[in-house]
Amino acid sequence: MDPRKNPYAPGAGTKPPALVGRDKQIESFDILLERLENGHVEQSMIVTGLRGVGKTVLLDVFREKAESRDWATVEWEVEKTAAFAPKMAAHVRRALLQIAPKAKWTDRVLRAASVLKSFTVTFNPDGAMTAGLDIDALAGSGDSGALPEDLTDLFVAIGEAAQDRGVGVVFLIDEIQFLRPADLEALIVALHKCTRRSLPITLVGAGLPQIPRLAGEAKSYSERLFRFPQIAELNASDARDALVLPARDLGVELEADAIAFMVSYTQGYPYFLQEYGRIVWDETSVSSVTLGDVRSVLPLVEAGLDESFFRVRVERTTELELRYLYAMAELGPQPHRASEVARRIQRTVEQAGPLRSRLIDKGLLYTPGHGYAAFTVPQFDRYMLRCHTELGELPPRGAATASA
Ligand SMILES: Nc1ncnc2c1ncn2[C@@H]1O[C@H](COP(=O)(O)OP(=O)(O)OP(=O)(O)O)[C@@H](O)[C@H]1O
Ligand SMILES: [Mg+2]
């Protein structure tokens with residue numbers, strides 16, 4: 001069919017043609033905003049889920065919702081290498097200008113601007129992003145040099161400014177598991193203060209499944225401050241809709257057994273559904289798609305997924321890390337005891353520990369329970385077994401040092 005009309009949208013954060021199965025989370029977000037607008041206390045939320053389940057897409061829906069209610073929105077994808085405080089200053093500056101154009105700054109907004117100036121000068125004295133902040137820093141606020149305190153001053157000031165203008169501020173933070181523990185802690189402390197003061201400022205994050213544990217380690221009260229809704233693969237009926245609705249809109253029908261095959265192969269994972277749909281569309285010439293059609297393009301789908309989804313995940317792994325992943329894959333898709341994986345690569349648990357930590361750090365694994373490891377990428381076991389067969393044939397190594 002005409003590739004120019006192909007509706008499917010495999011990609012990172014690309015809006016799907018039919019966004020299905022997320023009504024509950026979207027409604028929770030609406031409730032959160034409305035409660036904060038009315039001065040009620042409400043927990044912030046951090047959406048967790050494996051790779052490719054639609055976390056970034058959901059954050060974008062939240063952004064649209066917030067903007068339609070005139071909230072100031074801050075979109076932020078955490079990169080491990082970027083320094084937190086200067087980034088925060090830049091984002092808050094943008095939020096401030098959304099809360100009110102400069103010509104309409106009230107006293108509260110002016111105060112927030114001077115706290116922001118203090119914060120900016122304190123944490124980024126050289127390349128300070130103070131453009132548009134031609135205002136004096138507020139001495140004694142946001143300038144102690146201790147991040148949790150200064151960020152609290154900044155959040156409270158900006159929350160009060162927003163409240164004064166009858167709006168709110170929402171931080172939409174993606175890949176939040178990559179924040180350094182001290183930065184995550186400061187964020188939690190600052191938000192906590194705003195919650196206690198019922199200020200209309202909140203954080204909605206998205207991240208890998210380890211984030212509730214990381215937040216708990218950063219501050220024990222974080223489980224009262226946040227909810228951690230999980231999103232996962234779509235159920236069979238939603239997965240079916242994700243495939244059928246976009247095609248039907250364009251006059252293309254998928255036969256029932258063709259749909260069943262695609263849903264079963266993809267296990268309802270959103271990224272896989274989009275990729276499968278895209279390839280079926282491009283490779284099929286008739287407007288009624290059969291089981292034979294979807295079966296025959298399966299090799300292309302696998303090649304497409306390897307190329308666009310799986311391979312990038314292992315680009316920065318060492319050989320030893322790959323061996324660890326391969327050993328896990330051989331054991332199957334479910335979580336595995338770290339001790340069992342270590343044994344398989346002929347290492348002690350102590351030797352394999354740093355390896356496992358690095359893979360968690362790189363976002364490839366998470367720990368679903370103490371002493372366990374699981375893939376953050378769905379169907380990663382299949383990929384490893386399909387594309388890294390050479391690792392299965394490596395001669396066993398002695399229990400030498402586990403350096404990589
Ligand atoms: N609810 C949904 N229904 C149908 N397709 C969806 C849905 N949510 C996301 N998708 C599709 O799934 C793909 C992955 O979405 P997204 O990038 O948001 O996932 P993610 O969880 O952020 O992944 P990662 O952890 O790799 O960043 C996109 O192609 C998107 O169009
Ligand atoms: Mg994402």
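Treat the numbers as computed from the prediction; the structure is a model and nothing was measured. Only heavy atoms go into these numbers, but all of them, side chains included; no hydrogens, no water, no symmetry mates. Start at 1 and go down the list; that is how both ligands and their atoms are numbered.
- Under the 6.0 Å distance and 45° angle rule, Arg382 counts as a cation-pi partner of Tyr265.
- When atom types are taken as modelled, the side chain of Glu340 and the backbone of Arg337 share no donor-acceptor pair closer than 3.5 angstrom.
- Of all atoms in ligand 1, numbered sequentially from 1 with element shown, those under 4.0 Å from a heavy atom of Ala18 are 3 (N), 4 (C).
- Summary of contacts: the protein heavy atom closest to atom 5 (N) of ligand 1 is Gln274 NE2, 3.0 Å.
- Atom 10 (N) of ligand 1 has its closest protein heavy atom at Pro270 CB, 3.5 Å.
- For ligand 1, the atoms sitting less than 4.0 Å from at least one non-hydrogen atom of Ala12 are 17 (O), numbered in the order shown with element in parentheses.
- Close approach of ligand 1 to Glu175 is summarised as follows: ligand atoms under 4.0 Å from at least one heavy atom of the residue are 27 (O).
- Looking only at heavy atoms of the protein, atom 17 (O) of ligand 1 is closest to Gly13 N, 2.6 Å.
- Atom CD of Glu217 has more than 12 heavy atoms from other residues, nucleotides or ligands within 6.0 Å.
- Ion pair Arg63/Glu67 flagged as a salt bridge, since at least one NZ, NE, NH1 or NH2 atom sits closer than 4.0 Å to an Asp/Glu carboxylate oxygen.
- Residue contact check: Val57 has heavy atoms under 4.0 Å from atoms 9 (C), 15 (O), 18 (O), 30 (C) of ligand 1.
- With respect to atom 20 (P) of ligand 1, the closest heavy atom belonging to the protein is Lys55 N, 3.4 Å.
- Within the 4.0 Å heavy-atom criterion, the part of Arg22 lying near ligand 1 is the side chain and not the backbone.
- Between Asp60 and Lys15, none of the side-chain N atoms (NZ, or NE/NH1/NH2) sits under 4.0 Å from a carboxylate O, so this pair counts as no salt bridge.
- The backbone of Pro10, and not its side chain, has at least one atom closer than 4.0 Å to an atom of ligand 1 (non-hydrogen atoms only; backbone = N, CA, C, O).
- Distance from atom 1 (N) of ligand 1 to its nearest protein heavy atom, with residue and atom name: Val20 O, 2.8 Å.
- Of all protein heavy atoms, the one lying nearest to atom 31 (O) of ligand 1 is Thr14 O, 2.5 Å.
- Two residues are said to be in side-chain contact when any heavy atoms from C-beta on lie closer than 4.5 Å; Leu172 and Thr73 meet this criterion.
- The closest side-chain heavy-atom distance from Thr367 to Arg356 is below 4.5 Å.
- Ionic pairing of Glu175 and Arg51 is present here: one or more N-O contacts between side-chain nitrogen and carboxylate oxygen are shorter than 4.0 angstrom.
- Closest non-hydrogen pair, Leu208 versus Gln177, comes out as N-OE1, 3.1 Å.
- The nearest heavy-atom contact from the protein to atom 28 (C) of ligand 1 is Gly11 O, 3.2 Å.
- Between Tyr383 and Phe380, the angle of the ring planes lies from 30° to 60°, which puts this pair in the tilted group.
- Shortest contact from atom 15 (O) of ligand 1 to any protein heavy atom: Gly54 CA, 3.6 Å.
- Atoms of ligand 1 lying under 4.0 Å from any heavy atom of Arg313, numbered from 1 in the order shown and given with element: 26 (O).
- Which parts of ligand 1 touch Ala9 is read off a 4.0 Å heavy-atom cut-off, strictly below it: atoms 28 (C), 29 (O), 31 (O).
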